[in-house]
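Below is one structure; the comments refer to it alone.
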Protein chains: 2
Amino acid sequence: MKATFGEYIKKLRTDNGLTLTQLAFQLDLDSANLSKIENGKREFDEKRLDKLATAFNLDINQLKVEYFGDQFAKKMYAYNCPTETLMVAEEKVNYLKSVNTKQGEINFDNEK
Amino acid sequence: MKATFGEYIKKLRTDNGLTLTQLAFQLDLDSANLSKIENGKREFDEKRLDKLATAFNLDINQLKVEYFGDQFAKKMYAYNCPTETLMVAEEKVNYLKSVNTKQGEINFDNEK
DNA sequence: TTAATACTTGTCAATAATTGACAAAATTAA
DNA sequence: TTAATTTTGTCAATTATTGACAAGTATTAA
């Protein structure tokens, strides 16, 4: 398993024979900072997921799975959360979907 | 189900007959800001989970489940992540635990 | 070996996000 | 009504994230 999202990117990049500079350009990013991302010293900004998907012709949903899966896992590990947390998260996301039938805008204010 | 962590706090507080000012004091927080937290206009800072547990004599793990479950769900909903994300998160957290056998410090640098 | 390319690391100012604090308005209870 | 409570708005201060660049260390090719 790829332990981190950084490693995931690095593998994609090297498998596709790109240099840091080349990929960084596509992601509108400094190559030095991309290096840090690959090595886990910086976070990859979620706003660049689309560009990453484009760069490697990936399914955006699969990317989200990798990216957010990684984020959640890091949090859980850092705070020693029970596994249960993920089941509650699932319940809650389903609840959010069912309540907020209208897709589009998002409303986190819990107004009645 | 309590939709948000804010509502969760509010219920705890009112069930226990505390005013915002009283609970805010225990959490070392401005009562106006606690109000915003309860109403989903601000985030509850995870560094205060311990104080919250103490205030209501709650199991800290149960609190983490509620808190992080909420956080993850909001992200998933906002970014329309596949449910799969949570399964990957589980794999990854297990991986992190197995790799980083020594508990204590946390190391997110992916050094070999 | 050198030279060229690729990668890594450190730093720091600029930007952005979060927070604490206070005033004032609205709501609720007596 | 008054008093207590809650909510909302605002803003400066703090904190975190980012972009950018320089300087360093590999790595590769000749």
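Here is how names work: the chains are called A, B, and so on, in the same order as the sequence lines, proteins then strands, and each is numbered from 1.
Summary of the strand contacts: Ser31(B) and Arg42(A) both lie near DNA chain D, and taking for each the nucleotide with the nearest heavy atom, the more 5' one is attributed to Ser31(B).
Screening Leu86(A), Val88(A), Thr83(A) against Val65(B) for a side chain to side chain contact (heavy atoms under 4.5 Å, CB included) leaves a single residue, Val88(A). In summary, of the residues considered (Tyr77(B), Phe72(B), Tyr79(B)), a ring-ring contact (aromatic ring centres under 6.0 Å, His included) with Phe68(A) occurs for Tyr79(B) alone.
A distance of 6.5 Å separates CG in Leu23(A) from CD in Gln26(A), rounded to the nearest 0.5 Å.
Using a 4.0 Å cutoff on non-hydrogen atoms, no part of residues 43-51 of chain B comes near DNA chain D. Within a heavy-atom distance below 4.0 Å of DNA chain D, no residue of residues 13-26 of chain A is found.
Using bins of under 30°, 30° to 60° and over 60° for the plane-to-plane angle, the ring pair Phe44(B)/Phe5(B) lands in the tilted bin.
The base of dT10(D) sits within donor-acceptor range of the side chain of Lys36(B), with an N or O pair under 3.5 Å.
Around atom CG of Asn57(B), no more than 12 heavy atoms belonging to other residues, nucleotides or ligands sit under 6.0 Å away. A 6.0 Å sphere centred on CZ of Phe56(B) holds more than 12 heavy atoms belonging to other residues, nucleotides or ligands. Other residues, nucleotides and ligands contribute more than 12 heavy atoms inside 6.0 Å of the CG atom of Asp15(B).
Taking the side chain of Ser35(A) as heavy atoms from C-beta on, and the options dT7(D), dT9(C), dA21(C), the nearest nucleotide is dT9(C). Comparing dG20(C), dT9(C), dT7(D) by their nearest atom to the side chain of Asn39(B) picks out dT7(D). When distances are taken from the side chain of Ala32(A) to each of dA21(C), dG19(D), dA22(D), the shortest belongs to dA22(D).
Here the P atom of nucleotide dA20(D) and the CG atom of Leu29(A) are 9 Å apart, to the nearest Å. Rounded to a whole Å, the CG atom of Leu34(B) is 14 Å from the P atom of dA21(C). For the pair Asn33(B) CG and dC11(D) C1', the computed distance is 12 Å after rounding to whole Å. Taking atom CG of Asp30(A) as the reference point, atom C1' of dA20(D) lies 6 Å away to the nearest angstrom.
Looking at Lys64(B), its side chain never comes within 3.5 Å of a backbone N or O of Pro82(A) through a donor-acceptor pair.
The phosphate of dT18(C) (OP1 or OP2) has no side-chain N or O of Lys41(B) nearer than 4.0 angstrom.
For the residue pair Glu46(A) / Gln71(A), no side-chain donor-acceptor distance below 3.5 Å is found, with atom types taken as modelled.
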